[in-house]
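Only one structure is covered here, and it is reproduced in the block below.
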Amino acid sequence: MTQAQTGRPPKLAIDAIHEALATLPGWTLRDDGAAIVKTFRFKDFNEAFGFMTRVALLADRIDHHPEWFNVYNRVEVTLNTHDVGGLSRLDIEMATFMEKAAN
């Protein structure tokens, strides 16, 4: 299916994924190659929750939501595009935004 048919961008090729990861410090490709992951650490819960709030606003705007887990100052993130069974440009866009939002 094309992007026009699914409403989602196509699955990224492995070369494009590795190229993107080279610009995203701390992000790694999950063992199955279908997602990227990172753990963010903040000063305290307030900072972690503020980060999650900023990301949530983008997620709703682009209709692409992260899988995440938060305990106190730690936010563990997994990004993938379920519709394509792997990674799309939306995951890279989200990871790039998260890097800016965390700093």
Side-chain angles (χ1 to χ4, degrees):
M1 283 190 189
T2 67
Q3 180 178 354
Q5 293 169 315
T6 64
R8 290 286 188 206
K11 184 175 177 178
L12 291 176
I14 193 68
D15 292 348
I17 295 168
H18 286 295
E19 186 177 315
L21 285 174
T23 68
L24 295 167
W27 288 89
T28 58
L29 188 61
R30 196 170 66 189
D31 288 343
D32 65 4
I36 55 175
V37 297
K38 181 173 181 174
T39 298
F40 290 90
R41 294 192 185 277
F42 299 92
K43 182 179 84 177
D44 55 25
F45 177 75
N46 190 45
E47 281 191 10
F49 196 83
F51 164 78
M52 293 176 72
T53 301
R54 289 187 296 279
V55 172
L57 293 171
L58 173 68
D60 272 352
R61 190 167 51 250
I62 67 173
D63 192 28
H64 190 68
H65 303 88
E67 295 176 29
W68 53 18
F69 178 78
N70 166 243
V71 174
Y72 185 59
N73 69 333
R74 188 179 79 238
V75 180
E76 298 171 10
V77 179
T78 300
L79 296 176
N80 74 342
T81 304
H82 298 283
D83 296 354
V84 301
L87 294 160
S88 75
R89 71 166 174 75
L90 292 175
D91 301 300
I92 305 308
E93 181 179 336
M94 181 70 69
T96 301
F97 179 85
M98 286 181 172
E99 286 302 310
K100 293 175 186 167
N103 294 313

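What you see below is based on every heavy atom in this structure, not just the backbone, and it leaves out hydrogens, waters and symmetry mates. Numbers here simply count residues along the sequence, with the first being 1.
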- Item | Pairs touching residues 32-49 that satisfy side chain to side chain donor-acceptor pair (under 3.5 Å), sequence neighbours left out | Arg30-Asp32, Lys38-Glu99

- Message: Is there a side-chain contact between Leu24 and Thr96 in this structure, where contact means two heavy atoms from C-beta onward sitting under 4.5 Å apart?
- Response: yes

- Query: Is any side-chain heavy atom of His64 closer than 4.5 Å to a side-chain heavy atom of Thr81?
  - Reply: yes

- Query: Does CD belonging to Glu19 count more than 12 external heavy atoms closer than 6.0 Å?
  - Reply: no

- Message: Between Val55 and Val37, is there shared hydrophobic-cluster membership here, with clusters defined by ILVMFWY side-chain heavy atoms closer than 4.5 Å?
- Response: no

- Task: Could you tell me which non-hydrogen atom of Thr78 sits nearest to which non-hydrogen atom of Ala35, and how far apart they are?
- Result: CG2-CB, 3.7 Å

- Query: Where do Ala20 and Ile92 come nearest, in terms of heavy atoms and distance?
  - Reply: CB-CD1, 3.6 Å

- What closest approach, in Å, do Ala95 and Ile36 show between heavy atoms, and which atom pair accounts for it? CB-CD1, 4.0 Å

- Query: Side chains of Leu90 and Leu79: does their closest heavy-atom pair fall under 4.5 Å?
  - Reply: no

- Pair listing, ring-ring contact (aromatic ring centres under 6.0 Å, His included) test, anchored in residues 12-62, at least two apart: Trp27-Phe40, Phe40-Phe51, Phe42-Phe51, Phe45-Phe49

- Item | Minimal non-hydrogen separation, Gly85 against Lys11, with atom names | O-NZ, 3.5 Å

- Could you tell me the separation between the CD1 atom of Ile14 and the CG atom of Leu87, rounded to the nearest 0.5 Å? 8.0 Å

- Query: So which heavy atom on Ala48 is nearest to which on Asn70, and how close?
  - Reply: CB-ND2, 3.8 Å

- Query: Are there more than 12 heavy atoms of other residues, nucleotides or ligands under 6.0 Å from atom CG of Asp31?
  - Reply: no

- Task: Taking the side chain as every heavy atom from C-beta outward, state whether Leu58 and Met98 have any pair of such atoms under 4.5 Å apart.
- Result: no

- Query: Would Tyr72 end up clustered with Val77 when hydrophobic side chains under 4.5 Å apart are linked, directly or stepwise?
  - Reply: no

- Query: Where do Lys100 and Arg54 land on the side chain to side chain contact (heavy atoms under 4.5 Å, CB included) test, with the steps shown first?
  - Reply: CA-CA 10 Å; Lys100 293 175 186 167; Arg54 289 187 296 279; over 6 Å; no

- Among the clusters formed by ILVMFWY side chains lying less than 4.5 Å apart, do Met94 and Ile17 turn up in the same one? yes

